[in-house]
There are 2 protein chains.
Amino acid sequence: MRKDAGSAIYQLVRRGQAETQRDIEAETGLSRGTATQRISELIAAGLLIEGPTRASGGGRPARGFLVNPHYRNVVGVDLGESQGRACLFDLSGAKLDQQVFALDLRADPGVTLDRVEDAVAMLDVSAMRSAPIAAVGLSVPAPLDVASGRVAMPSVMYGWENLDIRQALGARIGLPVAVDNDVNLLCLAEQRLNWPNCRNFAFIKIGTGIGCGIMVGGRLMRGASGTAGDLGHIQHGLQPAPLCRCGKEGCTEAHAAGWALARDLRGLGFDCQDARDVMALWLRGEPEALAALNRGSRVLGKVAADLVAMVNPQVLVIGGQLARAGEAMLAGVRELIYQRCLPLATQQLVIALAAETDDLGVLGAACLAMDEIEV
Amino acid sequence: MRKDAGSAIYQLVRRGQAETQRDIEAETGLSRGTATQRISELIAAGLLIEGPTRASGGGRPARGFLVNPHYRNVVGVDLGESQGRACLFDLSGAKLDQQVFALDLRADPGVTLDRVEDAVAMLDVSAMRSAPIAAVGLSVPAPLDVASGRVAMPSVMYGWENLDIRQALGARIGLPVAVDNDVNLLCLAEQRLNWPNCRNFAFIKIGTGIGCGIMVGGRLMRGASGTAGDLGHIQHGLQPAPLCRCGKEGCTEAHAAGWALARDLRGLGFDCQDARDVMALWLRGEPEALAALNRGSRVLGKVAADLVAMVNPQVLVIGGQLARAGEAMLAGVRELIYQRCLPLATQQLVIALAAETDDLGVLGAACLAMDEIEV
DNA sequence: CGTCTTTTGTATAATATTGCACAAAACTAG
DNA sequence: CTAGTTTTGTGCAATATTATACAAAAGACG
């Protein structure tokens with residue numbers, strides 16, 4: 001930190017928090033001379049490139065800087081429950097190539113790590129690669145104690161509890177590795193992509209399950225043991241209180257998650273196994289599916305209102321499979337938030353849908369990897 | 001920041017995050033030479049003093065450092081609804097003197113600021129003063145947008161909405177002023193006093209009202225507009241849902257706050273106006289009061305569980321008038337948290353009572369003031 | 001075209017910090 | 001007492017940063 005003003009500058013630009021030399025001087029507190037010198041060094045070294053100049057307000061327009069997308073590449077890996085995906089990105093977040101592989105999280109972790117290692121090796125020899133791979137980010141579908149690098153039990157990742165994933169994978173592929181849980185990384189990707197200047201941010205994923213990532217002061221809030229944002233298992237007093245996957249009754253998930261809506265729709269005679277099926281029924285215009293989404297939306301709205309009351313984010317983004325229902329899903333969330341929260345908390349609150357892309361998870365993992373790049 | 005390694009060192013020691021030179025080197029990243037030099041300068045300037053040496057583990061014991069309590073004094077001011085209190089502190093947090101004054105927050109803010117100004121002036125000539133007053137911290141019983149220095153409407157502070165309190169008071173007394181709301185400052189005081197190494201901390205105040213302060217990464221989480229931690233008005237599905245002071249129904253406060261318990265006890269024929277009366281009945285051993293506290297405790301437990309699920313603090317402290325009931329108040333909170341939250345979130349969670357002191361509010365204000373001291 | 005404004009570049013002396021090597025101090029354990 | 005461990009102090013050359021002042025660049029505006 002002391003050693004490297006250049007690193008601080010690079011990180012600011014990379015995160016979109018500074019675009020011009022003036023921004024950089026203001027954000028870092030560096031003097032003009034130092035900023036000038038370091039910036040030109042970064043450009044000479046190929047880390048930064050000149051971007052478009054900012055609009056002028058009567059004076060010389062400010063020169064904009066961008067990260068050189070082709071200085072390095074990174075790999076983002078998303079481990080799903082039955083499939084893994086490793087994508088190669090340049091530093092602008094553009095996807096260059098990908099590898100998909102089957103996996104079984106209940107099997108020996110070593111097998112899964114083999115798959116990841118293979119996928120990274122394939123990407124390393126990809127024709128699309130534009131620069132050396134500098135780091136790998138990994139998204140896992142389980143709560144993670146980032147301090148120890150271990151998944152928390154119980155989760156879908158049986159047998160992983162004693163493995164320091166970061167270290168184990170790093171030793172295999174010989175690159176810096178960063179790991180976090182999937183929802184945190186969706187949150188990170190959405191913030192970096194679409195809300196780079198928002199420092200108090202929340203992302204709720206409503207798909208088969210329900211989870212949430214929270215950013216405070218521009219950083220992911222992981223909590224003391226890595227479980228912050230666990231609103232899927234906040235319990236409601238609603239009757240009847242259906243049994244949840246976690247063994248408790250009346251959790252948010254048991255009312256509103258994809259698996260719960262699918263369960264309800266099956267009860268009405270539909271063939272509906274998961275969140276994807278729920279959305280298919282909704283797309284077909286089945287009124288029962290819309291009704292289920294509306295009900296789910298309002299239950300989600302309750303915890304979203306709790307979240308807004310407690311965390312007071314500036315932007316709240318709803319993502320995940322069920323968020324593709326758009327306003328059908330936002331309506332209840334908006335309703336409950338505006339009904340229940342202080343005007344002061346909601347006045348400036350933006351409630352939005354996530355970018356419609358399947359790559360958000362791997363992109364988040366890639367963002368994490370980019371944070372690992374030493375300059 | 002760049003200019004002053006000494007300042008960084010001083011702040012670390014002041015906050016209890018570093019006690020020895022080794023700690024300081026590790027926390028700041030400074031080199032040994034710089035640390036040695038800056039520390040001796042700080043001692044020469046009277047900012048730090050030598051404390052007791054740490055226990056040795058087979059080698060030379062580390063020299064401990066403390067802030068010199070008598071380098072400066074600060075004033076913490078707590079504005080209550082009918083009374084204000086300004087206390088003079090040294091930098092160890094020892095209270096040296098105090099001034100109490102009547103006030104009416106519904107009156108012209110100028111009158112109140114006059115009172116505060118007078119109180120500070122009195123403390124400045126107090127015989128107990130051990131050093132020049134360096135800054136003033138102010139606790140206000142209303143949500144505050146720290147960015148603009150203004151209280152949020154609606155609140156008990158009618159007529160204050162267009163006043164930048166920090167600036168207005170600073171102009172009057174000619175000292176740096178910091179302002180925050182009361183619950184945040186209780187949280188800050190409790191953390192600094194009793195949990196200096198805890199960086200993910202939460203404090204719930206249950207008195208006449210209910211509020212909460214949250215610290216993430218060692219800093220108060222104020223949220224985008226200063227309303228973070230508003231769990232007093234999270235609504236529950238419990239029936240009947242009593243009308244709350246805020247106009248909504250079924251809020252946490254309407255079930256569990258001091259005013260609500262007093263309302264219930266009045267309904268049972270007791271003469272009970274506020275939290276203090278509730279505690280008096282409890283101390284007298286009235287079973288109805290204990291029952292009310294138990295009910296309140298379990299409602300509070302629900303939002304506390306929500307808080308733990310969302311924020312995952314390492315330490316949760318319960319304070320305020322009703323917390324003097326001790327286990328009677330903690331029981332329900334513990335019960336609901338352990339029942340509802342993930343084991344991972346509760347395994348290492350400490351749930352404790354706040355220090356039993358009326359000075360926590362002014363001490364929090366003083367802590368805020370200490371943060372304003374330029375070194 | 002000149003004037004104004006804003007942004008950037010450069011030079012310089014004064015400070016501040018790092019990394020390293022070596023030494024000394026102050027303990028514990030046996 | 002001796003050997004080992006941990007912590008602290010010091011000196012020095014190489015870097016890094018600041019503050020400041022002045023100059024130049026690049027646009028808007030009339």
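Treat the numbers as computed from the prediction; the structure is a model and nothing was measured. Convention: sequence-line order gives letters A, B, ...; per-chain numbering from 1.
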May I ask you to test the [X]-[Y] pair for a side-chain heavy-atom distance under 4.5 Å?
X      : Y      : value
B:L30  : B:E25  : no
A:L47  : A:V67  : no
A:F65  : A:I9   : no
B:N312 : B:N200 : no

Using atom types as modelled and distance alone, determine if a side-chain donor or acceptor of [X] lies under 3.5 Å from a backbone N or O of [Y].
X      : Y      : value
A:S225 : B:L344 : yes
A:N73  : A:R129 : no
A:D90  : A:H70  : no
A:T346 : A:L349 : no

Distance in angstrom units between B:L30 CG and D:dA16 C1', rounded:
14 Å
Separation of D:dA16 atom C1' from A:I9 atom CD1, nearest Å, is 12 Å
For the atom pair [atom1] ([X]) and [atom2] ([Y]), what is the distance rounded to the nearest 0.5 Å?
X      : Y      : atom1 : atom2 : answer
A:I214 : A:N184 : CD1   : CG    : 9.0 Å
A:C367 : A:L185 : SG    : CG    : 8.5 Å
B:R14  : B:R192 : CZ    : CZ    : 5.5 Å

Let's see if you get this right: which residues in residues 18-27 of chain B place a heavy atom under 4.0 Å from DNA chain D?
B:Q21, B:R22
Measure the angle between the two terminal helix axes of the helix from C:dC1-D:dG30 to C:dG30-D:dC1, five base pairs each, and quote it to 10°.
30°
Looking at residues at least two apart in the chain, or sitting in another chain, which of them share a side chain to side chain donor-acceptor pair (under 3.5 Å) with A:D164?
none
Quick check on contacts: within residues 34-49 of chain A, what sits under 4.0 Å from DNA chain C by heavy-atom distance?
A:T36
5′-ward residue of the pair A:G33/A:A62 relative to DNA chain C:
A:A62
For residues 169-179 of chain B, tabulate all N or O donor-acceptor pairs below 3.5 Å that involve a side-chain atom, not counting sequence neighbours.
unit_1, atom_1, unit_2, atom_2, d
B:R172, NH1, B:D114, OD1, 2.5
B:R172, NH1, B:E117, OE1, 3.1

Once each nucleotide of nucleotides 23-30 of chain C is scored for protein heavy atoms under 4.0 Å, what B/S/- sequence comes out, 5' to 3'?
-BBBBS--
